[in-house]
> 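The structure under discussion is supplied below as structure tokens; questions concerning it will follow.
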There are 4 protein chains.
Amino acid sequence: MSPPMSEQDKTKAAPKAGGRGARFGGAMDEAAAALNSSVEFDKRLLRDDVRGSQAHARMLAAVRLISEDDAKQIVAGLDQVAGEFERGERKMDPALEDVHMNVESRLIELIGDPGRRLHTARSRNDQVATDMRLYALSQATVIVAALDKARVALCRRAREHTATLLPGYTHLQRAQAVTLGHHLLAYAEMLGRDRGRFLDAARRAAECPLGSGALAATSLPIDREKTSADLGFTAPTRNSLDAVSDRDFCAELAFACALLGVHLSRLGEELVLWSTTEFGFVRLGEGHCSGSSLMPQKRNPDIAELMRAKPGRLIGDVVALLTVSKGLALAYNKDLQESQEPFYDAIETTHLVLDVLPRLVAGLEFNPERMKEAAGDPALGATDLAEHLVRDGVPFRKAHEIVGKLVRHAEQLGVSLRDVPEHDLPQIAPELHEAALQVLSASRAVAGRAVFGGPAPAQVMREAQRLASELKGLGYEV
Amino acid sequence: MSPPMSEQDKTKAAPKAGGRGARFGGAMDEAAAALNSSVEFDKRLLRDDVRGSQAHARMLAAVRLISEDDAKQIVAGLDQVAGEFERGERKMDPALEDVHMNVESRLIELIGDPGRRLHTARSRNDQVATDMRLYALSQATVIVAALDKARVALCRRAREHTATLLPGYTHLQRAQAVTLGHHLLAYAEMLGRDRGRFLDAARRAAECPLGSGALAATSLPIDREKTSADLGFTAPTRNSLDAVSDRDFCAELAFACALLGVHLSRLGEELVLWSTTEFGFVRLGEGHCSGSSLMPQKRNPDIAELMRAKPGRLIGDVVALLTVSKGLALAYNKDLQESQEPFYDAIETTHLVLDVLPRLVAGLEFNPERMKEAAGDPALGATDLAEHLVRDGVPFRKAHEIVGKLVRHAEQLGVSLRDVPEHDLPQIAPELHEAALQVLSASRAVAGRAVFGGPAPAQVMREAQRLASELKGLGYEV
Amino acid sequence: MSPPMSEQDKTKAAPKAGGRGARFGGAMDEAAAALNSSVEFDKRLLRDDVRGSQAHARMLAAVRLISEDDAKQIVAGLDQVAGEFERGERKMDPALEDVHMNVESRLIELIGDPGRRLHTARSRNDQVATDMRLYALSQATVIVAALDKARVALCRRAREHTATLLPGYTHLQRAQAVTLGHHLLAYAEMLGRDRGRFLDAARRAAECPLGSGALAATSLPIDREKTSADLGFTAPTRNSLDAVSDRDFCAELAFACALLGVHLSRLGEELVLWSTTEFGFVRLGEGHCSGSSLMPQKRNPDIAELMRAKPGRLIGDVVALLTVSKGLALAYNKDLQESQEPFYDAIETTHLVLDVLPRLVAGLEFNPERMKEAAGDPALGATDLAEHLVRDGVPFRKAHEIVGKLVRHAEQLGVSLRDVPEHDLPQIAPELHEAALQVLSASRAVAGRAVFGGPAPAQVMREAQRLASELKGLGYEV
Amino acid sequence: MSPPMSEQDKTKAAPKAGGRGARFGGAMDEAAAALNSSVEFDKRLLRDDVRGSQAHARMLAAVRLISEDDAKQIVAGLDQVAGEFERGERKMDPALEDVHMNVESRLIELIGDPGRRLHTARSRNDQVATDMRLYALSQATVIVAALDKARVALCRRAREHTATLLPGYTHLQRAQAVTLGHHLLAYAEMLGRDRGRFLDAARRAAECPLGSGALAATSLPIDREKTSADLGFTAPTRNSLDAVSDRDFCAELAFACALLGVHLSRLGEELVLWSTTEFGFVRLGEGHCSGSSLMPQKRNPDIAELMRAKPGRLIGDVVALLTVSKGLALAYNKDLQESQEPFYDAIETTHLVLDVLPRLVAGLEFNPERMKEAAGDPALGATDLAEHLVRDGVPFRKAHEIVGKLVRHAEQLGVSLRDVPEHDLPQIAPELHEAALQVLSASRAVAGRAVFGGPAPAQVMREAQRLASELKGLGYEV
């Protein structure tokens with residue numbers, strides 16, 4: 001079906017901007033063109049666009065819509081085009097509106113008619129949908145690897161600190177002593193869930209829209225299975241109208257980024273907090289702090305603060321992506337162009353933060369002395385004391401009440417729980433006795449909470465080992 | 001370890017509001033209490049709270065922290081409490097702050113000391129986290145079933161209309177003819193993805209926090225595997241600090257609701273559009289319209305409009321949920337109470353819309369004549385014409401240009417593409433010929449686009465059958 | 001123009017639900033009705049609906065579209081209707097869809113034909129727009145008053161603490177000593193801006209849509225100036241299409257709520273922080289704390305945490321409101337019903353938080369000793385030291401560098417800035433001398449920063465007096 | 001107080017990156033530096049930074065903290081620095097972190113010690129706050145002018161079409177005839193409100209933070225009134241802690257952008273809709289359309305679609321800005337750096353859309369014939385008919401019911417309202433008569449709705465004239 005080479009036209013005339021083709025008399029209004037052009041951001045898709053086009057050309061040749069020689073010229077030409085743009089030898093031309101037209105236009109300049117055959121049985125609508133999914137899939141892979149590196153870093157520090165005591169907080173009030181390893185592994189849990197979300201989103205994104213045309217597929221005898229497999233997708237998409245207008249994968253990945261960002265913002269907040277003179281539990285490595293232009297003594301945890309702040313924009317990106325698709329009639333609408341920037345922003349912001357995370361964690365200078373001292377506050381054993389009374393047979397609610405009275409009494413005396421005079425105890429409650437107060441030791445208390453999921457050193461060690469095994473299974477050294 | 005019955009105190013004194021216990025002298029400031037109280041919304045958790053407590057009591061007995069008899073009294077008492085509240089015989093007391101204290105307080109009134117033992121080895125922090133997950137899991141199940149019912153309705157209508165022609169649109173401009181069945185199945189695709197998102201979110205939510213205590217687990221010898229299995233979770237959570245402060249499942253489910261809502265908003269927009277006098281493709285069933293208080297002739301597609309509008313609040317709910325957890329230090333903070341209302345709103349809004357969807361779809365009165373007429377516009381065949389030229393050996397970009405000239409020429413003459421005089425054709429391009437114009441028939445064109453994912457009746461029938469099989473496999477009649 | 005009384009029909013037949021009128025054969029589908037009904041939330045508009053209708057009736061009589069007697073019956077009847085609903089003698093009927101139909105329907109039951117004349121020259125579209133603006137204006141007034149009460153509370157505490165030292169923080173690192181009064185007045189500044197935003201929003205909202213009809217005004221000779229003035233608006237709206245579809249005022253007020261909420265969340269965060277054992281700068285009054293169900297010693301700053309969390313939903317409300325109106329064709333669409341709940345939620349959340357604020361502030365138990373001690377850290381004087389060197393003629397950048405070296409030196413010695421041995425000073429920099437180190441006193445340093453906007457006690461006193469004067473001018477006792 | 005010139009050090013050593021000064025041993029971690037650097041986006045502040053610094057230098061000289069000659073060198077040097085960067089002779093160095101350090105560093109290279117004196121009595125915290133406000137104020141001014149140009153365009157088209165009939169829609173159902181001029185002026189109303197919001201936001205932003213230092217003002221005797229006035233602010237800010245951490249103005253302006261964006265999205269939606277074959281009311285000028293790469297006949301309203309989509313990101317920007325400041329302890333935190341990009345994005349997106357708006361409106365090719373034909377649908381007169389019956393003395397609710405019956409009757413007969421046989425009328429209702437049906441003429445009906453705010457040609461002309469006068473008063477030709 002492919003024409004003989006002699007018929008080919010080797011002239012260099014490129015297609016007109018934005019597919020205006022022969023349809024329009026004049027050029028686009030300047031301000032309109034500025035609004036319309038996407039090349040400033042969709043140039044990120046260059047490599048994916050080229051990969052997609054190469055697979056498309058190979059398929060066209062396989063079904064004999066173009067010649068094998070055409071396909072070869074296209075594949076080689078596209079490599080050249082990509083190289084030119086990547087090496088900066090050529091700039092994207094905004095007048096050509098987007099990366100797709102820039103690539104195709106340059107290809108036609110280079111190889112003529114075979115280039116004019118590339119867009120056979122394809123539209124920019126299925127093309128951009130394919131490019132964006134290829135981009136999404138490769139970015140998700142990078143993020144999953146970065147999450148694993150962060151988990152490695154957390155796992156290592158957790159193993160160093162399975163028995164390091166610090167206060168656990170609720171409502172930011174010291175509540176019960178826990179271990180630093182346990183605290184660090186809480187973040188590993190969050191990142192583990194995030195990992196699952198990226199994998200699920202990627203699995204759902206792994207369908208290939210190529211062949212959906214502008215909205216209604218094509219009358220040409222293409223082989224969608226082939227392009228899908230060639231590009232590493234699991235299957236072709238099932239409905240052309242849906243395929244060209246579906247940006248679910250952008251929203252879903254951006255959401256995964258935002259929730260990950262929220263987790264890291266919690267770590268950021270804690271590092272800021274723990275870096276204060278008041279807490280003094282940690283210092284960020286010098287490589288992750290900055291100073292003040294006015295106050296020379298400052299050691300500011302800028303990186304932790306930025307980690308805390310980043311979810312703002314990530315949540316904003318999710319909002320943008322969902323809002324853009326809201327109420328859009330089928331199938332493709334130009335509105336979908338607005339799905340790109342928030343999506344890229346979410347992905348790139350996530351990279352930026354994850355890149356810094358492993359070394360940030362590795363460089364944390366903990367102050368176990370300060371932590372232990374804080375964890376030694378006998379009030380932190382109140383719950384353990386109540387549970388001790390339960391073991392003695394006191395119903396929990398009553399035990400809770402008894403310890404509440406003890407706390408109030410100690411406060412009135414201005415002493416710590418452990419220093420309430422022995423002879424006061426029976427007046428507070430007959431169930432109270434000096435021996436019970438022995439449980440008000442942080443290390444004893446923590447060691448006792450060895451239930452699955454608990455902070456006891458032995459349990460934290462087990463959990464850290466399990467995580468280390470998982471990560472080793474993924475090829476990481478832990 | 002459980003005390004002999006004779007020691008039990010059968011007095012009816014309930015615990016004080018909000019766990020203030022003996023610690024505080026006075027009551028909470030009135031305006032503060034209004035801000036603090038959650039019972040107005042967390043009463044939704046009543047059944048889940050009772051289920052969770054019953055499983056907890058059975059476990060406490062199994063590990064001999066309470067007696068078997070205590071456990072029996074607790075289980076029976078909780079059933080009675082739930083019944084009293086559900087039948088409206090008892091109102092939740094806002095002074096008791098939340099559903100948990102309302103239930104426990106009433107339980108103690110009813111059964112005395114055994115009730116005081118229920119809270120052994122438990123905190124409201126792990127309790128509410130468990131309740132919310134139980135709620136999340138059951139709601140997700142209901143939503144998945146509702147999605148399936150909606151897919152059944154779409155599948156049925158699609159099978160009725162595999163060959164009904166209508167214009168496909170891009171940019172809301174008529175682009176190429178498609179089939180109504182294909183159009184309806186596009187929505188089935190979206191809902192299919194939504195289904196997967198709810199299942200993934202539910203899978204991730206199916207870990208049991210019970211036993212995590214307030215933040216640091218417990219020193220008592222509980223059996224977390226047992227409660228987890230008893231409540232239908234897949235496993236206990238792995239880290240107590242994370243478990244009490246993790247509301248990821250709320251955000252993830254709310255996001256799934258929002259994206260589903262965006263899909264339905266697209267259907268809503270199309271129904272509004274198609275119901276206009278100008279389009280005239282559909283009328284909503286009378287049961288889904290309303291009239292005007294001022295304009296008696298109106299037949300307003302209110303339900304479609306509300307479907308279009310609902311994502312607004314759903315996106316807002318996602319924002320609220322992500323924002324609340326942003327920057328929160330570990331572990332539990334009261335801020336997390338603010339995770340409840342947006343979560344319930346997302347779930348309930350989703351129910352409200354999904355409940356109406358199957359009958360709405362079933363009741364749509366399509367106007368195939370109007371659709372067919374619109375699809376008959378010969379301009380819609382321009383792409384098919386270009387592809388015809390490609391089959392004749394013209395490179396696609398050239399074919400595209402030729403058809404563009406033809407369109408411009410037809411417009412200048414003020415005639416349709418098919419009515420351009422035969423003798424004008426060679427002037428436009430030598431490749432053009434009368435026979436080629438025969439492809440400008442909607443039904444021929446659509447039938448020719450039978451590639452996988454395309455709109456041809458035969459392909460739509462295949463796809464609808466596949467969906468029907470899937471749904472039958474789930475137990476639905478299609 | 002009003003008909004003779006004898007023609008009046010005193011039967012009690014009410015209008016059908018939702019203005020379905022005679023147009024529809026059957027009732028609305030049940031699930032559709034559940035989605036469609038707004039009475040559960042728009043019942044908040046009862047009083048405003050009645051006020052609006054009474055003004056409308058008086059106007060109709062003034063232009064002789066109804067009789068004076070009709071108007072009197074309507075006005076009295078509406079008062080009765082409002083009373084019945086408010087006293088709970090009558091429940092709103094969801095089948096009547098909204099508050100407007102509930103009120104009108106009951107009015108017709110009570111007074112017959114005059115009631116049937118009330119809706120003359122009016123539609124539910126201009127009616128609900130008017131009601132919502134009346135609601136918006138009265139709520140804005142209440143919020144402004146609540147803001148003023150909060151400013152009174154801040155001003156009082158600031159005047160108590162014009163000279164109380166505490167560290168000022170940047171990056172949560174101690175930076176320079178400031179005064180507590182200065183710190184509290186920072187919040188008064190924020191609330192002052194919020195106040196302006198509510199007033200601006202209210203001013204813009206104060207135009208009356210009545211008379212805009214469903215979308216296209218009316219052919220009847222109404223007097224829009226009269227209703228506008230009667231209801232306290234500044235003018236009638238200028239364009240009927242805009243007037244029935246404009247919900248800007250909801251979004252703008254919700255935004256003002258959200259930004260206010262962000263300000264209060266900052267205060268919430270600081271109170272949580274300052275309440276920690278580590279900071280120890282403040283205790284919330286017992287009326288604003290709660291305890292723990294498990295840990296008897298806890299004194300949790302729940303109210304501060306909720307203040308910190310509330311912006312989550314407020315930002316969500318802004319998103320919902322903006323998203324609902326996005327891309328809506330003119331004029332009224334049912335989507336606008338979705339503007340109500342997020343709007344009410346924003347307003348009511350704001351009331352809830354502002355109601356608690358003045359007593360919360362009044363009840364704060366500061367610990368000036370702890371604050372002063374923390375502010376005494378000599379490192380906090382580094383900037384003052386650098387500025388001292390500037391006064392000696394050292395260029396600022398050089399002074400900054402010198403003090404930086406001093407800080408590093410002190411850290412290496414493990415001593416405070418003030419305790420660096422005198423003989424080390426020249427080695428660090430020739431410009432350094434013992435006398436300069438005298439400026440490292442918190443109280444001297446603070447007193448020296450008396451520039452306008454600065455923390456010096458004298459300046460804080462001036463600023464507090466100015467605020468007190470402003471508030472006294474508004475009628476508050478400060 | 002300024003040192004003699006001979007003491008000056010003319011070496012070219014610049015300050016270290018990010019104010020790390022002598023405090024830190026090593027450089028920042030690479031990934032951390034990438035996260036930390038802001039110069040890629042804050043370079044937008046170059047001109048404002050230079051203006052702010054020049055005013056600061058003049059003030060320092062006036063209060064004799066530096067010499068007049070220093071000030072002159074600084075002012076001239078800064079002009080040179082700005083020029084170098086603007087002309088691209090020099091690139092911003094990311095290692096210097098931000099625009100401020102890039103400028104100051106280059107200044108010191110150029111002029112030595114006087115440059116080292118510029119930062120006297122100033123911090124980057126008050127500096128960046130000042131720069132951002134200067135930027136905000138100038139951008140707001142540009143946006144207000146752009147809004148006025150858009151209003152001019154709308155006003156002109158409205159005056160052309162004061163009497164052009166088209167259907168007004170509610171629920172996208174034809175409701176009542178209106179005039180195109182009236183419809184266009186609805187958008188002028190929205191933009192008028194937007195204008196007010198930008199002015200209010202700018203007024204609130206017009207306070208000068210310079211002199212607030214890092215957080216605690218300065219001990220040096222600066223003159224804040226002078227810099228404030230010099231830079232065109234209305235007053236210095238009143239509280240240093242607030243001033244360095246306040247980004248309200250960013251959020252408020254971004255919100256104004258978002259609401260404006262929502263308004264334009266409504267116009268975008270209508271243009272998309274009206275451009276359809278089905279409506280056919282308008283064609284966008286060729287300069288504002290684009291074609292299809294696959295479907296040569298397409299004339300896609302891309303610009304209108306992008307206008308419809310843009311609020312997505314603008315709402316996202318508002319979310320980002322509010323979320324970033326949520327829960328931030330006073331005073332400056334690095335999180336605030338995240339206030340910049342969403343703010344710039346909101347401003348620049350708004351420029352992009354507003355730039356295209358006037359010519360887009362001017363170029364709209366309306367089709368008055370199609371509009372008039374659609375407006376001629378007699379059903380659109382139903383309300384006018386009901387109001388006619390009211391004039392005859394029928395209570396409105398009864399008139400509404402009568403016309404409802406008539407509509408239903410006509411529908412059953414399959415005829416238009418005007419063609420219901422005369423002898424059927426009395427059966428429907430005795431109040432109906434042939435003469436009444438004469439009001440079912442669109443032009444008569446519209447002319448009759450001449451109330452203030454109504455669509456009658458005479459009223460639209462009055463309103464357009466009023467707007468034209470307002471715009472002429474602002475210096476525009478209308």
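If you're wondering where the values come from, they're calculated on a predicted model, not measured in any experiment. Just so we're on the same page: letters track the sequence lines, and every chain starts at 1.
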> Given that the side chain runs from C-beta out, which part of D/Arg359 has a heavy atom under 4.5 Å from chain A: side chain, backbone, both or neither?
side chain

> Give the member of A/Asn333, A/Asp345, A/Thr323, A/Leu352 that has the highest number of heavy-atom pairs under 4.5 Å with chain D.
A/Leu352

> Taking the side chain as C-beta and beyond, is there a heavy-atom pair between A/Lys310 and A/Leu264 under 4.5 Å?
no

> Look only at the side chain of D/Asp126 and the backbone of D/Gly213, and say whether a donor-acceptor pair between them is shorter than 3.5 Å.
yes

> Name the member of D/Val318, D/Ile303, D/Leu35 that forms the most heavy-atom pairs with chain A at distances under 4.5 Å.
D/Leu35

> State, without any angle test, whether D/Arg299 and D/Ser275 hold a side-chain donor-acceptor pair at a distance under 3.5 Å.
no

> Between the side chains of A/Arg124 and A/Glu104, is the shortest nitrogen-to-carboxylate-oxygen separation below 4.0 Å, so that they form an ion pair?
no

> With a 4.5 angstrom heavy-atom cut-off, could you sort out which part of D/Glu341 is near chain A: side chain, backbone, both or neither?
side chain

> Does atom CD (A/Glu30) have a neighbourhood of more than 12 heavy atoms from anything else shown, all under 6.0 Å?
no

> For D/Leu314, is it the side chain, the backbone, both, or neither that has a heavy atom closer than 4.5 Å to a heavy atom of chain A?
neither

> At a heavy-atom separation under 4.5 Å, does A/Leu328 approach chain D through its side chain, its backbone, both, or neither?
side chain

> Go through D/Pro342, D/Gly312, D/Ser325 and name the one with the most non-hydrogen pairs under 4.5 angstrom from chain A.
D/Gly312

> Relative to chain D, which segment of A/Glu269 carries a heavy atom at a distance below 4.5 Å: side chain, backbone, both, or neither?
neither

> Taking every non-hydrogen pair under 4.5 Å, which of D/Val272, D/Asn36, D/Leu360 racks up the most with chain A?
D/Asn36

> Looking only at atom types and distance, does a side-chain atom of D/Ser105 sit under 3.5 Å from a main-chain N or O of D/Asn102, one as donor and one as acceptor?
no

> I'd like to know whether CD of A/Glu40 has more than 12 heavy-atom contacts from other residues, nucleotides or ligands below 6.0 angstrom.
no

> Only pairs of heavy atoms separated by less than 4.5 Å count here; which of A/Ala33, A/Ala34, A/Ala309, A/Pro301 has the most with chain D?
A/Ala309

> Does A/Gln337 form a side-chain contact (heavy atoms from CB on, under 4.5 Å) with A/Asp98? I'd like the steps, not just the answer.
CA-CA 10 Å; A/Gln337 181 167 303; A/Asp98 56 32; over 6 Å; no

> Just give me the residue among D/Leu336, D/Val319, D/Asp317 that pairs up with chain A most often, heavy atom to heavy atom, under 4.5 Å.
D/Val319

